[in-house]
Amino acid sequence: MADPTSLAERAGGLADDAGRLARELEAMAHQLSFQASTVGTAPVGGPSLVYELTIFVLAVFVGYHVVWRVTPALHSPLMSVTNAISSVIIVGALIAAGPAAFGFAKFIGFVAVALAAVNIFGGFIVTQRMLQMFQRRK
Amino acid sequence: MSENLAAFFYLVASVFFILALRGLSSPQTARVGNLYGIFGMVIAVVTTLLTPHVVSYWLIVAGIVIGGAIGTYIALQIQMTALPQLVAAFHSLVGLAAVCVAAAAFTAPQEFGIGVPGAIERPSLVEMSIGMAIGAITFTGSIVAFSKLQGLVSGRPLMFPGQHLLNAGLGVLLVVLIAIVVASGAGAAFWGLLALSLALGFLLIMPIGGADMPVVISMLNSYSGWAACGIGFTLSNSLLIITGALVGSSGAILSYIMCKGMNRSIVNVVLGGFGTEGGAVVASGRAGDRAVKSGSADDAAFILKNAKSVIVVPGYGMAVAQAQHALREMADLLKKDGVEVRYAIHPVAGRMPGHMNVLLAEANVPYDEVFELDEINRDFPSTDVAFVIGANDVTNPAAKTDPNSPIYGMPILDVERAKTVLFVKRSMASGYAGVENELFYRDNTMMLFGDAKKMCEEIVKAME
């Protein structure tokens, strides 16, 4: 029979292994739950694509009707404000720049955040400047 | 923040964006509309920052601060005459941002929940490839548009033999590459697609002439929207899809309106080459030694002062000469004398949709004195003086009478129906379309040769 000290050592080793496994399991569970939270609401593949297409087509119709009602005098502000709101693409950039680990994706995410920010600030401010100028007859 | 809650806030942001566009239906509601747009953007950004995707903030804050500072500075400095090139430059940034996001999603798909590197889900690959291709075309295309508008390169159409064939071939290659990317998920194909799209953006906009830029900017505006849409599909993000669709359809409608204003099809504009030798040949057919009546600033001041009603027709030449302030001074003096002064704007006046309205507004012309073509055209016969400044083709009656004219069918402002037409022009040179304007030779036309700004200032002096 082995002496008590080596038994204790082996038990300690096993406990360490168990601890490591538990941590790995935890990480996997975390990742799974994360994936479930991102994928779960919109199952990838068939149904989600149709669902997205529905949103897309309806939004095109909304855009069509709203834009035809814009007075021609304000077509320049329309252009600069649509330019500003199309920078909502920053949402994707934030996700790319958001992870803790630094890498290529995080770097170009940062670039995209900066580019979109130029547009957001620039677009809304120049629109506001234009709209301030439109005054009625005094 | 849970995914459901985030989706809800994205919906709120979408509604704010729709309200922002809705506000532009009248100048009174437009400023509030712009605030809605800003709210929407703040909600979108904050919501994203609170989702579990984003855990590290310092780089994001740096990006927003740097970008925001640059954007704010540019927007506060820019001259209103330079608005078209500013918008073109901004479009290129949206395109590049779309490319960056697509590239990030391709190299680190796990962060976006669309797979692992090398094994990205098929639908995501389709959407991301299309989004990136449109983004890249928007990026380089807008750079070309910017360079032409800023005068960095010549505004003349750049044509070479076999150009359209080459572009068509590259277009087909683009589709093939997208198919390869989707089938294999290979990085080489993805980056090849990026390079091809960038090249295609250059090649597509190069042949389009400077004065067709209103259509080009509108088109690129539309593209930037579709690029955002493509990224929205990739990320399964309804806010991006909705906003992209709004912007995309807005740009498409503006392109359509601009094309209609020139009576040209979008295909005709995209193929380019308009405003070259073709037009000049037509012009030489009509040119002769016919006499024109030219007058001085004093003559113009006399005619204007004795008029009851004046319609001013401003064109791009007015903007180039920076004459809008002097023009408004002249109009103020006339109004003080009880003359009714109104402004008539052609849909394609200026270098982007609505540009002339902004320039007049900047010179403190009240917007209720400014009218669109449809609103004011029937009033010319009952008007004493049509004061055309820096415009030419948009007043040319040949568009109505001469089926052989390159501008035949284009809606024009019926200035010739006014009792007297005053034309402020630097020379007898024909307009952008290269067409002779027979209006110059009519009995009721008086040419005022000179720089638009100087001429207005001299008329003001003569009237005082």
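The chains referred to below are lettered A, B, ... by the order of the sequence lines, with proteins before strands, and numbering in each begins at 1. No hydrogens, no waters, no symmetry mates; every other heavy atom, side chains included, goes into these values.
For F104(A), the part lying near chain B is the side chain, with the backbone staying farther off; criterion is any non-hydrogen pair under 4.5 Å. No part of F61(A) comes within reach of chain B, as not one of its non-hydrogen atoms sits under 4.5 angstrom from that chain. Interface residue I231(B): only side-chain heavy atoms are found under 4.5 Å from chain A. Neither the backbone nor the side chain of A101(A) comes within contact range of chain B; no heavy atoms are under 4.5 Å apart. Looking at A62(B), the atoms closer than 4.5 Å to chain A (heavy atoms on both sides) sit in the backbone and in the side chain alike. E375(B) does not touch chain A: none of its heavy atoms, backbone or side chain, sits under 4.5 Å away. Only the side chain of E372(B) comes within less than 4.5 Å of a heavy atom in chain A; its backbone stays farther off. Of the atoms belonging to S250(B), heavy atoms from both backbone and side chain fall under 4.5 Å from chain A. When heavy atoms are compared at a cutoff of 4.5 Å, V81(A) approaches chain B solely by way of its side chain, counted from C-beta outward. Heavy-atom distances place the side chain of I90(A), and not its backbone, under 4.5 Å from chain B. Of the two parts of L58(A), neither the backbone nor the side chain holds a non-hydrogen atom closer than 4.5 Å to a non-hydrogen atom of chain B. Looking at F371(B), neither its backbone nor its side chain comes within 4.5 Å of chain A, counting heavy atoms on both sides. With a 4.5 Å cut-off on non-hydrogen atoms, L24(B) touches chain A through its backbone and its side chain both.
A distance of 12.5 Å separates CZ of F106(B) from OG1 of T234(B), quoted to the nearest 0.5 Å. Separation of atoms CE (M352(B)) and CG (L254(B)) is listed at 8.5 Å; rounding is to 0.5 Å. Rounding to the nearest 0.5 Å places OG of S238(B) at 6.0 Å from OH of Y51(A). The distance from the CD1 atom of I85(A) to the CD1 atom of I18(B) is 9.0 Å, given to the nearest 0.5 Å. Taking CG of L235(B) as the start and NE2 of H53(B) as the end, the distance is 9.0 Å to the nearest 0.5 Å. In this structure, CD1 on I241(B) lies 9.5 Å from OG1 on T54(A), to the nearest 0.5 angstrom.
Ranking T72(B), T47(B), I70(B) against chain A, the residue ahead of the rest is T72(B), based on heavy-atom pairs under 4.5 Å. Listed options A84(A), A96(A), G109(A), G98(A) were ranked by heavy-atom pairs under 4.5 angstrom with chain B; first place goes to G98(A). Your options are A73(A), G103(A), A112(A), and the one with the most heavy-atom pairs under 4.5 Å with chain B is A73(A). For chain A, the option among L59(B), I257(B), V45(B), V99(B) with the highest count of heavy-atom pairs below 4.5 Å is L59(B). Contact count against chain B (heavy-atom pairs under 4.5 Å) is highest for P99(A) among A100(A), A116(A), P99(A). Chain B forms the most heavy-atom pairs under 4.5 Å with one residue out of V113(A), L53(A), V126(A), I95(A), and that residue is I95(A). By number of non-hydrogen pairs under 4.5 angstrom with chain A, the leading residue of A44(B), G37(B), G350(B) is G37(B). The most heavy-atom pairs under 4.5 Å with chain A, out of N237(B), L86(B), V101(B), come from V101(B). Comparing A97(B), S249(B), A245(B), G68(B) by heavy-atom pairs within less than 4.5 Å of chain A, the highest count is held by G68(B). Among P347(B), G354(B), G251(B), the residue with the largest count of heavy-atom pairs under 4.5 Å with chain A is G354(B). Taking chain B as the reference chain and counting heavy-atom pairs below 4.5 Å, the highest number among I120(A), L78(A), V91(A), V111(A) is found for V91(A).
Between Y36(B) and F16(B), the ring planes lie tilted relative to each other; the angle falls in the 30° to 60° range.
Here the side chains of M80(B) and R129(A) are in contact, with some heavy-atom distance below 4.5 Å. Taking the side chain as every heavy atom from C-beta outward, E52(A) and I55(A) never approach each other to under 4.5 Å.
No side-chain donor-acceptor contact under 3.5 Å links Y256(B) and S218(B).
Side chain of T71(A) to main chain of S25(B): no donor-acceptor pair is present (N/O by atom type, distance under 3.5 Å, no hydrogens or angles). Judged purely by atom type and a 3.5 angstrom limit, H91(B) has no side-chain atom pairing as donor or acceptor with the backbone of S222(B). A donor-acceptor pair under 3.5 Å is absent between the side-chain atoms of R69(A) and the main chain of R22(B), judged by distance alone.
Each side chain to side chain donor-acceptor pair (under 3.5 Å) pair with one or both residues in residues 78-99 of chain A, not counting sequence neighbours, appears once here: S80(A)-T127(A), T82(A)-N221(B), N83(A)-N119(A).
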